[in-house]
Protein chains: 2
Amino acid sequence: MRKRPQQQRSREMVRALIDATGKVIQQQGLDNTTTARIAEVAGVSVGSLYQYFGDKDGLIEALMESLADEIGTGLKRLPVMDNVDMAATVGSAIRFGFAVLHSRDGLYLELVRNWHRLPTNRVMDALQQHFMELARLYFLRHYQHHQISNLEVRVFIVTNSVLFTMIRHISQHSGLIREQELADELTLMVARYLASPPDTVEESP
Amino acid sequence: MRKRPQQQRSREMVRALIDATGKVIQQQGLDNTTTARIAEVAGVSVGSLYQYFGDKDGLIEALMESLADEIGTGLKRLPVMDNVDMAATVGSAIRFGFAVLHSRDGLYLELVRNWHRLPTNRVMDALQQHFMELARLYFLRHYQHHQISNLEVRVFIVTNSVLFTMIRHISQHSGLIREQELADELTLMVARYLASPPDTVEESP
DNA sequence: ATTGAATGCGAATACATATTCGCATTATGG
DNA sequence: CCATAATGCGAATATGTATTCGCATTCAAT
């Protein structure tokens with residue numbers, strides 16, 4: 001952020017600009033998101049935009065940071081320790097994921113679709129770290145008898161698998177597969193995987 | 001393709017342009033891939049480029065088509081029916097996936113990273129359809145005793161999970177997780193999932 | 001009320017890059 | 001060889017968009 005807003009009106013403008021950025025990305029897509037349009041939607045001029053954000057990317061970064069907070073808050077509310085049942089726990093996390101992706105009229109969807117050219121990494125890593133923490137707690141509580149030595153790898157796999165399967169489903173497969181079924185199947189896969197002891201592969205029957 | 005190349009030299013030029021497109025995307029990234037650079041690398045002029053390709057996207061489409069063939073050929077060579085063991089079969093498919101993503105010096109990686117704004121869908125769908133076919137055959141052969149009613153959903157989940165976990169690993173996590181371990185764990189997850197009967201979730205111990 | 005700092009403006013500028021077009025060169029059939 | 005079509009060229013053009021800058025307006029302290 002180029003300059004720090006000091007007065008009331010400028011703080012409001014910064015807020016309006018960040019909100020407008022989200023709205024424009026959600027409505028026009030990331031590719032058609034221009035500084036001109038953002039300023040217009042925010043009801044300010046392009047010039048003012050550059051008072052507080054070094055460039056367009058700075059604006060987007062600020063948006064991501066704002067959203068990261070939002071997700072963090074949501075994650076902390078997840079009931080992980082209440083359920084003894086692994087599937088139920090995983091299921092609630094997956095439902096939360098779907099809810100986030102569907103919220104804000106597709107803004108999250110557009111952002112994660114373009115994760116590669118955005119500072120999505122910070123959010124993704126935060127998310128993974130959160131799940132890592134949850135998983136650690138869960139296993140400490142319920143699975144003391146068999147150590148999961150490679151929990152990090154498993155959380156990495158599970159996080160990415162679920163996230164991108166959801167995204168692909170929402171953005172392409174509109175209709176052929178019902179979301180409920182997808183959620184159930186994802187839950188099945190993840191719960192079985194996480195509950196299985198390491199370095200053991202079932203033989204085929 | 002705007003015009004059909006008739007003479008020898010023009011057919012060679014079209015080939016050179018497609019190859020150059022791949023090379024430039026791989027070396028400069030999709031964002032910095034310009035028609036000027038493509039023409040330069042191909043050793044022809046921009047004007048000539050537009051003789052045979054309506055626009056830049058047409059060129060990229062031609063590239064994708066060419067690569068789709070390459071993948072299709074590779075998939076047909078996969079030994080699916082030889083192994084009775086599910087994990088071995090899944091494992092060989094996953095190794096094939098890694099091999100493709102690593103081939104061509106990161107070209108595939110850059111393409112799939114930007115899957116959303118490219119005609120990757122055709123390739124993705126083809127890939128999924130292939131795996132669907134393989135899965136159907138495999139189950140017909142080895143799992144006649146329990147029907148997998150929702151094979152489509154499962155193949156959808158598995159394909160996307162594996163593909164995007166690989167991509168995330170190759171592009172971000174360079175080092176923290178070894179590729180061998182990731183492949184093994186993915187195999188474990190997928191094999192267990194595909195082998196499990198539908199609508200059944202293990203209770204926690 | 002005055003004044004200097006903070007804020008706001010948006011036309012003008014800079015830049016990157018896709019696409020065109022008139023002309024030059026090369027191939028092919030007779 | 002000639003005539004005609006096919007091919008090839010690349011400077012010039014068109015377009016979209018990020019960023020700047022000189023001037024106008026508003027705030028806040030005295």
Side-chain angles (χ1 to χ4, degrees), chain A residues 1-64 110-111 114 117-119, chain B residues 1-64 110-111 114 117-119:
Chain A
M1 189 169 289
R2 172 170 291 179
K3 198 161 53 171
R4 169 120 354 152
Q6 298 181 350
Q7 303 176 358
Q8 182 67 19
R9 54 173 179 163
S10 55
R11 257 173 277 129
E12 279 166 3
M13 194 191 68
V14 165
R15 190 66 250 167
L17 278 169
I18 294 177
D19 291 347
T21 304
K23 201 176 292 185
V24 174
I25 291 178
Q26 173 253 310
Q27 283 172 349
Q28 324 269 321
L30 186 64
D31 287 327
N32 306 317
T33 294
T34 65
T35 52
R37 186 87 184 102
I38 290 173
E40 184 190 336
V41 170
V44 304
S45 83
V46 250
S48 304
L49 187 159
Y50 282 92
Q51 292 283 323
Y52 302 100
F53 299 96
D55 52 17
K56 202 170 97 165
D57 289 346
L59 200 44
I60 292 178
E61 254 179 69
L63 172 65
M64 302 291 289
E110 180 69 8
L111 290 176
N114 296 278
R117 37 185 195 147
L118 289 175
Chain B
M1 191 167 286
R2 172 170 289 180
K3 199 160 55 170
R4 170 108 9 139
Q6 298 180 351
Q7 303 176 357
Q8 182 66 21
R9 54 174 178 162
S10 54
R11 258 174 277 128
E12 279 167 3
M13 195 191 68
V14 166
R15 190 66 247 167
L17 278 169
I18 294 177
D19 291 347
T21 304
K23 201 175 293 185
V24 173
I25 290 177
Q26 172 254 310
Q27 284 172 348
Q28 324 269 320
L30 185 65
D31 287 328
N32 306 317
T33 294
T34 66
T35 52
R37 186 84 185 106
I38 291 173
E40 185 190 335
V41 170
V44 304
S45 83
V46 248
S48 303
L49 187 159
Y50 282 91
Q51 291 284 321
Y52 302 100
F53 298 96
D55 52 18
K56 201 171 98 166
D57 288 347
L59 199 45
I60 293 179
E61 255 180 66
L63 171 65
M64 303 290 288
E110 179 69 8
L111 290 175
N114 295 278
R117 36 184 197 149
L118 288 174

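Owing to the predicted nature of the structure, the values given are computational and were not obtained by experimental measurement. Residue numbers begin at 1 in each chain, while the letters A, B, ... track the order of the sequences.
The pair B/E12-B/R15 does not meet the salt-bridge criterion, since no charged nitrogen lies less than 4.0 angstrom from a carboxylate oxygen.
The shortest distance between the side-chain N/O atoms of B/T35 and the OP1/OP2 oxygens of C/dA18 is below 4.0 Å. Close to D/dG10, at under 4.0 Å from its OP1 or OP2, lies no side-chain N or O of B/S45. Dashed line: the shortest gap from a side-chain N or O of A/S10 to OP1 or OP2 of C/dT7 is under 4.0 Å. Under 4.0 angstrom from either OP1 or OP2 of D/dT7 there lies no side-chain N or O belonging to B/S48.
When all heavy atoms are compared, the tightest approach of A/A62 to A/I18 is CB-CD1, 3.7 Å. Smallest separation of non-hydrogen atoms from B/G54 and B/R2: O-NH2, 3.6 Å.
One interatomic measurement links the two molecules: OH of B/Y50 to P of C/dG22, which rounds to 18 Å at whole-angstrom precision. Rounded to an integer number of Å, the gap from B/L49 CG to C/dT20 P is 11 Å. Rounded to an integer number of Å, the gap from A/Q51 CD to D/dA24 C1' is 13 Å. Atom CD of A/Q7 is separated from atom C1' of D/dA29 by 12 Å (rounded to the nearest Å). Put simply, CD on A/Q6 is 6 Å from P on C/dA6, counting in whole angstrom units. The CG atom of A/N32 sits 11 Å away from the P atom of D/dA18 (whole-angstrom rounding). Atom pair B/Q8:CD and D/dA6:P shows a separation of 17 Å (rounding to whole Å applied). Separating the CZ atom of B/R2 from the P atom of C/dC21 is a distance of 10 Å, rounded to the nearest angstrom.
Annotation: of the two residues near DNA chain C, A/M13 and B/A36, the 5′-most nearest-nucleotide partner is A/M13. Mapping A/T34 and A/G47 onto DNA chain D via the closest heavy atom, the residue that lands nearer the 5' end is A/T34.
In this structure, B/K56 places its NZ atom where more than 12 heavy-atom neighbours from other residues, nucleotides or ligands lie under 6.0 Å away.
Judged purely by atom type and a 3.5 angstrom limit, B/E110 uses its side chain to pair as donor or acceptor with the backbone of B/L30.
Within 4.0 Å of B/F53, counting heavy atoms only, lies no atom of the nucleic acid at all.
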